[in-house]
Enquirer: 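The structure under discussion is supplied below as structure tokens; questions concerning it will follow.
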Protein chains: 2
Amino acid sequence: MQDVCTVNQTVRYLARKWTLLIILELYKGQGHTRRFTELKEALGGITQKVLAERLRELEHEGIVTRRVDATDFPVRTEYTLTESGLALVDVVRGIKAWALAWKVENATCGNQDCSVCVL
Amino acid sequence: MQDVCTVNQTVRYLARKWTLLIILELYKGQGHTRRFTELKEALGGITQKVLAERLRELEHEGIVTRRVDATDFPVRTEYTLTESGLALVDVVRGIKAWALAWKVENATCGNQDCSVCVL
DNA sequence: CAGAATCCCCTCAGATACTG
DNA sequence: CAGTATCTGAGGGGATTCTG
């Protein structure tokens, strides 16, 4: 019913657990890039299964690109925010601005305080 | 873990089924106000249980206010978008702008086309 | 290193029935 | 009219194990 609406779909995968933190972590990386294991360690507590799932979704949505470097072993895989992904970070900034304006009382998250968040 | 982050919480209830459509429907009402039954009929397919749940959530988040008129019977209950709710509509507009810029291919939703959406 | 495959639990949402 | 109560099925996410 509303599941064909792009806006709703967007909000829907943004709301899935870890997605925002993954995007934020990629954003912080050099060239907005991070490796699988870097992400896994930065996001203490996420399982490989969920991280892989989220990255596939984001790749499918065009928010992230995956590049495999198989020239040596073990294989290196890098994930990078696309242009659309960077634009999405601005959207998240808009949400943060709203939250700070209207929800000041509980503005902290598990990783850092919104007021000092890189966003 | 990330569940204490206001931004994440916001995205999370926005993503719950029907929430966006409820906000949109209130937005369209006179004075951004609608009655329970009006909402129910406008959002064909929603159950009373879910509608009541969503409205409680939105009320709790300060996005909607509830006003009961018990002067006559049956009781009239009206829901109105608050200032913060109206500000949130702007946030959703931002998401729509992103969607139209990067997801043009599937820009329609069950109710109407994004390009003619009131947002 | 970067995953895929399984199993299990828990929340979400639909259907249905009842009430002040 | 505007809800509440209960039950059920489907999907999300954690833990663990295995592999190219």
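Each chain gets a letter, A, B and so on, in the order its sequence line appears, and its residues count up from 1.
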Enquirer: Take atom CD of B:E41 and atom P of D:dG3, then tell me their distance rounded to the nearest Å.
Expert: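 After rounding, the reported distance stands at 14 Å.
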
Enquirer: Backbone N or O of B:E61 within a donor-acceptor pair of the A:W102 side chain at under 3.5 Å?
Expert: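 Not at all, since once roles are kept as given, no pair shorter than 3.5 Å links the two residues.
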
Enquirer: Distance criterion of 3.5 Å, no angle test: do you see the side chain of B:K49 paired donor-to-acceptor with the base of C:dG14?
Expert: yes

Enquirer: Quickly work out the B:F36 CZ to D:dA2 P distance and round it to whole Å.
Expert: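 Rounded to the whole Å, the gap is 8 Å.
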
Enquirer: Looking at the side chain of B:T77, which of C:dG14, D:dA2, C:dA2 is the nearest nucleotide?
Expert: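 Of the options given, the side chain of B:T77 lies nearest D:dA2.
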
Enquirer: Separation of A:R67 atom CZ from C:dG3 atom C1', in whole Å?
Expert: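 Rounded to whole Å, this separation is 18 Å.
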
Enquirer: Round to a whole Å and report the spacing from CG of B:L43 to C1' of C:dA13.
Expert: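 Roughly 15 Å, once rounded to whole Å.
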
Enquirer: Just to confirm, is there a sub-4.0 Å distance from OP1 or OP2 of D:dG13 to any side-chain nitrogen or oxygen of A:R16?
Expert: yes

Enquirer: Check this for me, if you would: do A:R56 and A:E53 make a salt bridge, where the nitrogen-to-carboxylate-oxygen distance has to be below 4.0 angstrom?
Expert: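 No.
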
Enquirer: What nucleotide, of D:dT17, D:dT4, C:dC1, holds the atom closest to the side chain of A:R35?
Expert: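 Nearest to the side chain of A:R35 among the choices is C:dC1.
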
Enquirer: Counting only side-chain N and O atoms of B:T47, is one of them less than 4.0 Å from OP1 or OP2 of C:dA15?
Expert: no

Enquirer: On DNA chain D, nearest-nucleotide positions of A:V75 versus A:R54: which is more 5'?
Expert: A:R54

Enquirer: Taking B:R54 for its side chain and B:K17 for its backbone only, find out whether a donor-acceptor pair lies under 3.5 Å.
Expert: yes

Enquirer: Can you find a side chain N or O atom of B:R56 that sits less than 4.0 Å from OP1 or OP2 on D:dA2?
Expert: no

Enquirer: B:R66 has a side chain; which of D:dT17, C:dC1, D:dG3 sits nearest to it?
Expert: D:dG3

Enquirer: Rounded to the nearest Å, what distance is computed from the CG atom of residue A:L51 to the P atom of nucleotide D:dG13?
Expert: 13 Å

Enquirer: Below the 4.0 Å mark, does D:dG14 have OP1 or OP2 next to a side-chain nitrogen or oxygen of A:W18?
Expert: yes

Enquirer: OP1 or OP2 of D:dG3 versus the side-chain N and O atoms of B:Y79: is any pair under 4.0 Å?
Expert: yes

Enquirer: The side chain of A:V50 lies closest to which of these nucleotides: C:dA17, C:dG3, D:dG13?
Expert: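 Out of C:dA17, C:dG3, D:dG13, the nucleotide with an atom closest to A:V50's side chain is D:dG13.
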
Enquirer: Under 30°, 30 to 60°, or over 60°: which ring-plane class applies to A:Y79 and A:F36, parallel, tilted or perpendicular?
Expert: tilted

Enquirer: Starting at CD1 of A:I46 and ending at P of C:dA2, how long is that distance when rounded to a whole Å?
Expert: 14 Å

Enquirer: Would you say the side-chain atoms of A:T10 pair up with the backbone N or O of A:T6, donor to acceptor, closer than 3.5 Å?
Expert: yes

Enquirer: Quickly work out the B:E78 CD to D:dG3 C1' distance and round it to whole Å.
Expert: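 Nearest whole value for this atom pair: 16 Å.
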
Enquirer: Send over the distance from B:K40 NZ to D:dT4 P, rounded to a whole Å.
Expert: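 It works out to 14 Å between those atoms.
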
